[in-house]
There are 2 protein chains.
Amino acid sequence: MKQPFHPETAEITLTGVLAALSDPVRLKIVAEVVTGGERGSTEFDCKIAGSTLSHHIKQLREAGILQHRKEGTRCFVSLRPELEQVFPGLLESVLRFAPKDVA
Amino acid sequence: MKQPFHPETAEITLTGVLAALSDPVRLKIVAEVVTGGERGSTEFDCKIAGSTLSHHIKQLREAGILQHRKEGTRCFVSLRPELEQVFPGLLESVLRFAPKDVA
DNA sequence: TATATTGTTCGATATTCGACGAACATAGAA
DNA sequence: TTCTATGTTCGTCGAATATCGAACAATATA
């Protein structure tokens, strides 16, 4: 059960986080995880190919925004708690305006 | 004295703003403008070519973050006030962490 | 008018990104 | 072991991005 790579907390950068959030699909994923907690990676209703979804989740994981846990054949993503310590309040400030793009 | 193109307020998007801010050079420019008000475009101490600087300023302008004013042979950029109306508090929340990348 | 200053635009190059399908890997089920 | 479900990785494509130098445009000044 090899778990996916996550960067160190010290490697989380502001520009990296902003770049990861600057995509509507990824913003939607983050918004769902923030409001609903951990989600299986099939539960996001994006009309994109599975490989593309995997790509976006990887971007969010490597930016330090998401945790990614494998369990059996399933994958679960949740918000990475260190993000709030590194950039307290940032995510909330951004997601407050998310519906403008995600809806 | 043709003035450069600025998008309509309604065209300012969250993802567009985040993408524009997800670059260290641009983040630095915005930070300087926010703290120091209007600046001549030669006053940013970035060690990049003038054409590249022009490109970055264009990105920020087209994202709705900066105003761009030409006066004679000089150019002056300042924060676009509509940004605060569209996404109140967003810029402050981001720039609070800017030194981590800009310094 | 001629020259200098200041930015912008253009062309070239290299990189990255978002998207897809196909192939692969892993783990559980039959 | 064989099959099935679930994701990941790979290869590829076109589009976008970052960077530079060179050429250009506009304005002020000599």
Side-chain angles (χ1 to χ4, degrees), chain A residues 1-7 13-30 32-33 38-63 65-78 101-102, chain B residues 1-7 11 13-30 32-33 38-78 101-102:
Chain A
M1 182 79 66
K2 200 179 66 170
Q3 294 298 326
F5 165 77
H6 291 74
T13 66
L14 178 59
T15 49
V17 169
L18 294 176
L21 294 177
S22 69
D23 179 284
V25 173
R26 294 198 288 258
L27 210 49
K28 181 183 177 60
I29 291 173
V30 174
E32 290 192 20
V33 164
E38 190 178 63
R39 308 287 292 268
S41 51
T42 56
E43 298 171 43
F44 304 109
D45 60 334
C46 314
K47 47 233 153 300
I48 56 177
S51 55
T52 304
L53 177 61
S54 181
H55 164 73
H56 283 307
I57 290 177
K58 183 181 181 183
Q59 300 288 313
L60 289 167
R61 172 166 41 85
E62 296 187 342
I65 298 175
L66 291 188
Q67 274 181 335
H68 199 173
R69 179 173 68 82
K70 299 181 115 177
E71 185 178 317
T73 65
R74 300 299 316 283
C75 287
F76 298 91
V77 296
S78 55
D101 284 80
V102 173
Chain B
M1 183 80 64
K2 200 178 68 172
Q3 294 298 324
F5 165 77
H6 291 74
E11 293 174 318
T13 67
L14 178 59
T15 50
V17 170
L18 295 177
L21 294 177
S22 70
D23 179 284
V25 173
R26 295 197 290 256
L27 209 50
K28 180 183 179 61
I29 291 172
V30 174
E32 290 193 20
V33 164
E38 189 178 65
R39 306 289 290 269
S41 51
T42 55
E43 299 172 42
F44 303 108
D45 61 333
C46 314
K47 49 233 153 296
I48 58 178
S51 55
T52 304
L53 176 61
S54 181
H55 164 73
H56 284 307
I57 290 177
K58 183 181 181 185
Q59 301 288 310
L60 289 167
R61 171 165 42 85
E62 296 186 344
I65 299 175
L66 291 188
Q67 275 181 335
H68 199 172
R69 179 173 67 83
K70 300 182 115 176
E71 186 178 316
T73 64
R74 301 297 318 281
C75 285
F76 298 92
V77 296
S78 55
D101 283 79
V102 172

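Residue numbers start from 1 in every chain, and the chains themselves are labelled A, B, ... in the order their sequence lines are given, proteins ahead of strands. Because only heavy atoms are used, hydrogens play no part in the values below, and waters and symmetry mates are left out as well, while side chains stay in. On a predicted model such as this, the values are computed, not experimentally measured, just so you know.
- The backbone N or O of B:H68 sits less than 3.5 Å from a side-chain atom of B:H6, completing a donor-acceptor pair.
- Here the straight-line distance linking atom CD1 of A:I48 with atom CG of A:D45 works out to 10.5 Å at 0.5 Å rounding.
- Going from atom CZ of A:F5 over to atom P of D:dT8 covers 15 Å, rounded to whole Å.
- Contact detail for A:C46 and A:V25: the closest heavy-atom pair is SG-CG1, 4.1 Å.
- When distances are taken from the side chain of B:R74 to each of D:dC20, C:dG7, D:dG7, the shortest belongs to C:dG7.
- With distances taken from any side-chain atom of A:A49 to the nucleotides D:dG21, C:dT8, C:dG21, the minimum falls on C:dG21.
- Here the C1' atom of nucleotide D:dT6 and the CZ atom of A:R69 are 15 Å apart, to the nearest Å.
- Taking atom CG of residue A:L66 and atom P of nucleotide D:dT8, one finds them 12 Å apart after rounding to whole Å.
- Between the CZ atom of B:R61 and the P atom of C:dG7 there is a distance of 13 Å, given to the nearest Å.
- Between B:S41 and C:dG7, a side-chain N or O to OP1/OP2 separation shorter than 4.0 Å is present.
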* To do: List the protein contact pattern of nucleotides 12-18 of chain C with one symbol per nucleotide (5' to 3'): B for base contact, S for sugar-phosphate-only contact, - for none; contact means a heavy-atom distance under 4.0 Å.
  => ------S
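- For B:H55, the side-chain hydrogen bond (donor to acceptor under 3.5 Å, both in side chains) criterion is met by no residue, not counting sequence neighbours.
- Here the C1' atom of nucleotide D:dT17 and the NZ atom of B:K58 are 12 Å apart, to the nearest Å.
- A pairwise comparison of heavy atoms in B:A20 and B:Q59 identifies CB-O, 4.3 Å as the closest pair.
- Nearest heavy-atom pair across B:A19 and A:S22 is N-CB, 3.4 Å.
- In this structure, CG of A:L53 is placed 10 Å from P of C:dA19, rounded to the nearest angstrom.
- Considering only the side chain of B:T42, C:dG7 comes nearest among D:dG7, C:dG7, C:dA22.
- Closest approach to the A:S54 side chain among C:dA27, D:dC20, D:dT9 is made by D:dT9 (side chain taken as heavy atoms from C-beta onward).
- Heavy-atom minimum distance, A:F44 versus A:E32: CD2-OE1, 3.3 Å.
- Rounded to a whole Å, the NE2 atom of A:H68 is 11 Å from the C1' atom of D:dT6.
- The distance between atom CD1 of A:I57 and atom C1' of D:dG7, rounded to the nearest whole Å, is 9 Å.
- Across all strands shown, B:I48 has heavy atoms under 4.0 Å from sugar-phosphate atoms exclusively, and none from any base.
- The 5' end of DNA chain C is approached more closely, in terms of each residue's nearest nucleotide, by B:F76 than by the other of B:F76 and A:T73.
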